[in-house]
Amino acid sequence: MSGREFDLVVFGLTGFTGKFVAREVYRLQCEEKRSLKWAAAGRSESKVRTCLEELSMSDIEIVVADVEDQDSLESLCSRASVLINCVGPYQRYGEPVVKACISQKCNYVDITGETYFMELMAAKYGEQAREAGVYIVSACGFDCIPNDLGALFLQRNFSGELAYVESYMATTGSGFHLGTWESFLLSIRNHGKLSKFRKERNEAALPLPSARPPKRRSLFYSDVVHKWCVPFPGPDRAVVYRSMRYRHEDQGISPYTFKVYFAVSLLEGLMMALFFTVLLALVATDFGFKLLLKFPGFFSGGSASKSGPSKENLEKATFTITLKGTGYGSDPSDKSKPQNVAVKVRGAEPGYVATSAMMVQSALCLLEEKDSLPPSGGVYTPAVAFGDTKLIQNLEKTGKVKFEVVQN
């Protein structure tokens, strides 16, 4: 399919998320008879081999590579068309891999939700990636494909000019692995670095419409999803705004205000307020950070664990994201009749089951839909990289993610 030894390489297969990604690639190869040349990569050949045996996968080539050995990363990337990077936290281990991919002209996807890492890579390597013709695409999982592609899907189904979009996220069941917990904590811990970095970058503010969404309290009841909601502190808003900036500067498409909320019960909302108060105090100190990592179950209310969510939870868990867009018709001066469009993005367990499908399908877009990608390489968001591909349709074919208009 490609001119290199491997179409895809799953790097970090022995990790919790890596195993799900490997299963998804193997499923495509076996059930859908996809002609894919792929390999499993990690720093220990014996551990990768044992993991493949546990997953009942045979005849998969193994490549040894270590994030602390740049030569091994360069060698790995020289053999692959697309690298699927599952080695996190990315703020600790991601940059050497991005650097090697650009050097060896290997396209790249990851599932980070670490905003500082994403924006730093875009600033540091965007021009190098463009010159090399390499596509570096982060946030190709639940962070942040449902919101990033969902917002684009909504905009394309809105007949007029959007003023603002409010996104309401809801999940059922599941939990998350210690690695996901550590990445989340690092994102909060690096918020100060992110603020300083953005101030130094001093990018011009996006020209947002004067019509803004209603002011919301820190805990409010939503008539859209009929649940109590709290502001969501994840990376989705930042990623969507990066996508908007590209479309505004490159294509002249008007931006809009974007807000993200998380749907909870009233009790959960009150508990989350207390949780974040304690979390912010602890994560700011080295001792507190170590404490949060040592007792993940206690400090996450039982959500995080070293073993990750159980098989039963993974099978039962789901997610639903409702995006409601408000704007005006083709005449932007006529504010008398606001228009609304709502879309839903829903799917299987978000953190690992749906995420693995999103990550693999994103990698396949880089492999198979080169004519539908942006005209030059770069460090992109999912909506910018895959907005003109068949990613949404391909995700729906997996049965793990669905996009639909529910109000027009």
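Computed from a predicted structure; not experimentally measured. All residue numbers refer to positions in the sequence shown, counting from 1.
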(message) Side chains of Y221 and D223 only: does a donor on one sit below 3.5 Å from an acceptor on the other?
(response) no
(request) Assert yes or no for the condition that the ring centre distance of F142 to F319 is strictly below 6.0 Å. (result) yes
(message) For T326 and N340, which I'm curious about, is there any donor-acceptor pair between the side chains at under 3.5 Å?
(response) yes
(message) Between H177 (side chain only) and S305 (backbone N and O only), is there a donor and an acceptor less than 3.5 Å apart?
(response) no
(message) side-chain contact (heavy atoms from CB on, under 4.5 Å) for L364 and L36? Distances and angles first, verdict last.
(response) CA-CA 10 Å; L364 290 176; L36 289 170; 3.9 Å; yes
(request) Salt-bridge test for R245 and E249: reply yes if a basic N is under 4.0 Å from a carboxylate O, no otherwise. (result) yes
(request) Answer yes or no: is there a donor N or O on one side and an acceptor on the other, between the side chain of D148 and the main chain of C144, under 3.5 Å? (result) no
(request) Would you confirm whether K397, through its side chain, and I392, through its main-chain N or O, come within 3.5 Å as a donor-acceptor pair? (result) no
(message) What I want to find out is whether E74 reaches K99 closely enough, with some N-O distance under 4.0 Å, to be called a salt bridge.
(response) no
(request) Begin from the C-alpha positions of R49 and E45 and carry the test side-chain contact (heavy atoms from CB on, under 4.5 Å) through to its verdict. (result) CA-CA 6 Å; R49 190 175 305 282; E45 182 177 356; 2.8 Å; yes
(request) For R43, look at atom CZ and say whether over 12 heavy atoms of other residues, nucleotides or ligands are found less than 6.0 Å away. (result) no
(request) Taking atom types as modelled, find out whether Y108 and N85 have a side-chain donor-acceptor pair closer than 3.5 angstrom. (result) yes
(request) Applying salt bridge (Lys or Arg N to Asp or Glu O under 4.0 Å), run through E349 and K400 and close with a yes or a no. (result) CA-CA 8 Å; E349 187 280 325; K400 295 171 183 175; over 6 Å; no
(request) Measure the spacing between OG1 of T172 and NZ of K316 and express it to the nearest 0.5 Å. (result) 10.5 Å
(message) Cation-pi check for Y164 against R212: NZ or CZ below 6.0 Å from the six-membered ring centre and within 45 degrees of the axis, yes or no?
(response) no
(message) Is the distance between the ring centroids of F20 and Y352 under 6.0 Å?
(response) yes
(request) Decide yes or no for L274 and L270: does some side-chain heavy atom of the first lie under 4.5 Å from some side-chain heavy atom of the second? (result) no
(request) Mark yes or no for whether E114, through its side chain, and S183, through its backbone, hold a donor-acceptor pair below 3.5 Å. (result) no
(message) Between R79 and E61, does any side-chain N to carboxylate O distance fall below 4.0 Å?
(response) yes
(message) Quick one: does any side-chain atom of R346 pair with a main-chain N or O of T320 as donor and acceptor, under 3.5 Å?
(response) no
(request) Give, for atom CZ of F117 and atom CG of L194, the distance between the pair rounded to the nearest 0.5 Å. (result) 13.5 Å
(request) Please check if atom CD in Q393 has more than 12 non-hydrogen atoms from other residues, nucleotides or ligands closer than 6.0 Å. (result) yes
(request) Check whether the side chains of S372 and D388 place a donor and an acceptor atom closer than 3.5 Å, and report yes or no. (result) no
(request) Report yes or no: does S362 contribute a side-chain atom to a donor-acceptor pair with the main-chain N or O of M358 at less than 3.5 Å? (result) yes
(message) Just verifying a value: how many Å separate R217 CZ and C229 SG, rounded to the nearest 0.5 Å?
(response) 14.5 Å
(request) Answer yes if the side chains of E31 and Y26 hold a donor-acceptor pair under 3.5 Å, and no otherwise. (result) no
(request) Name all residues meeting the ring pair (Phe, Tyr, Trp, His ring centres under 6.0 Å) criterion together with Y246; count only those two or more places apart in sequence or in a different chain, and write none if there are none. (result) Y380
(message) Looking at F298, I want to see if its CZ is surrounded by more than 12 non-hydrogen atoms of other residues, nucleotides or ligands under 6.0 Å.
(response) no
(message) Salt bridge or not between R34 and E368? Use side-chain N to carboxylate O under 4.0 Å.
(response) yes
(request) Report the residues that fulfil ring pair (Phe, Tyr, Trp, His ring centres under 6.0 Å) with Y168, sequence neighbours left out, ordered by chain and then residue number. (result) Y261
(request) Report the distance from atom CD1 of I62 to atom NZ of K47, rounding to the nearest 0.5 Å. (result) 13.5 Å
(request) Quick one: do V109 and L366 satisfy side-chain contact (heavy atoms from CB on, under 4.5 Å)? Show the steps, please. (result) CA-CA 9 Å; V109 295; L366 293 178; 3.5 Å; yes
(message) Please check: side-chain N/O of E54 versus main-chain N/O of C51, any donor-acceptor pairing under 3.5 Å?
(response) no
(request) Kindly compute the distance separating CG (L13) from CD1 (I60), expressed to the nearest 0.5 Å. (result) 9.5 Å
(message) Looking at E119 and R242, is any side-chain nitrogen of the basic one under 4.0 Å from a carboxylate oxygen of the acidic one?
(response) no
(message) Is it true that T112 and S138 share a donor-acceptor pair across their side chains at a distance under 3.5 Å?
(response) no
(request) Can you label the angle between the F403 ring and the F153 ring as parallel, tilted or perpendicular, going by 30° and 60°? (result) perpendicular
(message) Using a 3.5 Å distance criterion without hydrogens, assess whether the side chain of R247 forms a donor-acceptor pair with backbone atoms of I253.
(response) no
(message) Determine whether a donor-acceptor pair (N or O, by modelled atom type, separation under 3.5 Å) exists between the side chain of D7 and the backbone of K37.
(response) yes
(message) Closer than 3.5 angstrom, by distance alone: can the side chain of D110 be matched with the main-chain N or O of A139 as a donor-acceptor pair?
(response) yes
(message) Quick check: W38 with F6 (ring centres under 6.0 Å apart)?
(response) no
(request) Rounded to the nearest 0.5 Å, what's the gap from OG1 on T257 to CG on L208? Could you check? (result) 4.5 Å
